[in-house]
Amino acid sequence: MPDVLSLRAALLDWYDAHARSLPWRAPPGAKAKTDPYRVWLSEVMLQQTTVPHAAPYFERFTARWPTVGDLAAVEDAELMAAWAGLGYYARARNLLACARAVADEHGGVFPDTEAELLALPGVGAYTAAAVAAIAFDRAANVVDGNVERVMSRLFAVETPLPAARPELRRLAALFVDAHRPGDWAQALMDLGSGVCRPRSPSCDRCPLAFGCEALKTGTPERYPLKTKKAERPRRQGHAYVLIDGAGRVALVRRPDKGLLGGMAGLPTSDWGAAAEFAPPVAGSWRAAGSVEHVFTHFSLTLEVHVAAGEGGDFLWTSAEQAANALPTVFRKALERALGTLSRWERA
DNA sequence: AAACCGTGGTG
DNA sequence: TCACCAAGGTT
C-alpha cells in the first residue's frame, strides 16, 4: 500500500517546480488566490474540454465580461453566440443561469462553501469541489477524470469504470488535507494531463512512481479499466441555406432543450435513418454536397441545399456573423454552401 | 441510472 | 481511418 503522506509531499514538491502556467491559475503557493469568478468560468469551460480549446474562449469572456455581474447582464443570444464552437451548449445556458443566481441571490459574490456552490446551475460535484479548493482553500475532494486515472493506477484498481467511481473517490479522499488543498487539486490534474496520461504515461518522469502499484505490474497504461461503449449510430438529414439579395442567411433559433439547445441553427429536416427533402420555403433549391459531423452519441451526414429567397420567419444574419454564432455542424454546412455558390458564380 | 449532450486532437 | 479521449452535469 503506497504511503499517503510521502506521495502527497512528493506531488506538491513536483508541482512547485513543474506547475503549468494557465490564464486562470495563480502560481503554486500564491497567497492571493484567483478570483472565484475566473475559477468557476474556467472550470465550466474545461468540463470535457481540452485546455487549448477552452483557453481562447476564457480570454475572450473575461475581457468582455470582467465580473460575474457583467456576465449576468448579458442577453441569452449574445452568450450563446460567444459559446459557439465550444460544445455542450447546456453549459452556456447554465452558465448564464448561474451568473444570474450569484448576482440576484448572493449579492454578486460567489458562495465559499462546497454545498452552496453545488446548488448553483451547472455546478456538479466536481466543479463545486474545484472552486471550493482552488478559490477558497477548502479541503474539498476534487475528483475528475485525471484524478480517477491517477488513483486507479496508484492502487491498481481492477474494477472497470464507471463502476469504480465510488472506490476511486474514496481513494482520492485519503489525500485531501487542509494544507494547500487548491494546489493539491491542480497538482493532480497537471500530473494526470502531462505525466500520468491515458496512453503512454511518462512513468520515468513521475514523482509518484515510487509508490505506484500499476507501474509494478509493468503495464500501467492498462488502468483505469473500462467497460465497452455502445457503437455510434449513423443519421442523415438535410440542411437548407437560404440567402437573400444582401447576402444574408436565414437562421432559426433551436429549442432550449435537446441537441444544440438554445443555439442559432440552419433550418433542417429531422435527422434519422433516412431524411426527407422538405425545404422550409418553396424555391429553386440546388444541391451543394454534404458534410459529416460526429456528435457524442451519433454520426451525422447532412445534405446541404442552397436557394435564393427572402422573408419568412427567420433570423436574417450576415454570413460572417452567422459563421461566428453557429455550432460547428452548421458552420460546416454554411461554409460548404458558400463555397459551392462561389464556384457556381465563377463558372 | 442509463442516456443524453459537442468538439477537436491523436495514434 | 476511426475509436478513443478531455478539468462533467442533467434528467
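Below, all heavy atoms of this structure are taken into account, side chains as well, without hydrogens, waters or symmetry copies. Reminder, nothing fancy here: chain letters follow the sequence lines and each chain counts from 1.
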Regarding [X], tell me which of base, sugar-phosphate or nothing describes its non-hydrogen contacts under 4.0 Å with the strands shown.
X        : answer
A:Thr49  : base
A:Arg25  : base
A:Leu300 : nothing
A:Ala54  : nothing
A:Trp24  : base
A:Val123 : sugar-phosphate
A:Leu260 : sugar-phosphate
A:Gly261 : nothing
A:Arg331 : sugar-phosphate
A:Pro52  : nothing
A:Thr127 : sugar-phosphate

Other residues, nucleotides, ligands: >12 heavy atoms within 6.0 Å of A:Asp313 CG: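 Not buried by this count: 12 neighbours or fewer within 6.0 Å.
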Looking only at the side chain of [X] (C-beta and beyond, no hydrogens), which of the listed nucleotides [options] gets closest?
X        : options              : answer
A:Lys226 : C:dA7, C:dA6, B:dG8  : C:dA6
A:Tyr88  : B:dC5, C:dG9, B:dG8  : B:dC5
A:Lys229 : C:dC5, C:dA7, B:dT7  : C:dC5
A:Gln48  : B:dG6, C:dT10, B:dC5 : B:dG6

Aromatic ring pairing A:Phe110/A:Tyr37, orientation class (parallel under 30°, perpendicular over 60°, tilted between):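 Correct class here is tilted.
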In one Ile/Leu/Val/Met/Phe/Trp/Tyr side-chain cluster, 4.5 Å: A:Val176, A:Leu188: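 Unlinked, A:Val176 and A:Leu188 end up in two clusters.
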Lys NZ or Arg CZ of A:Arg153 over A:Tyr223 ring: under 6.0 Å, within 45°: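 Output no; distance or angle outside limits.
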NZ or CZ of A:Arg60 within 45° of A:Tyr57 ring axis and under 6.0 Å: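 Yes.
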Residue met sooner reading DNA chain B from 5', once A:Arg199 and A:Tyr89 are mapped to nucleotides: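 Between the two, 5'-proximity favours A:Tyr89.
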Span that lies between the P atom of B:dC4 and that of C:dA7, in whole angstrom: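 These two P atoms come out 24 Å apart once rounded.
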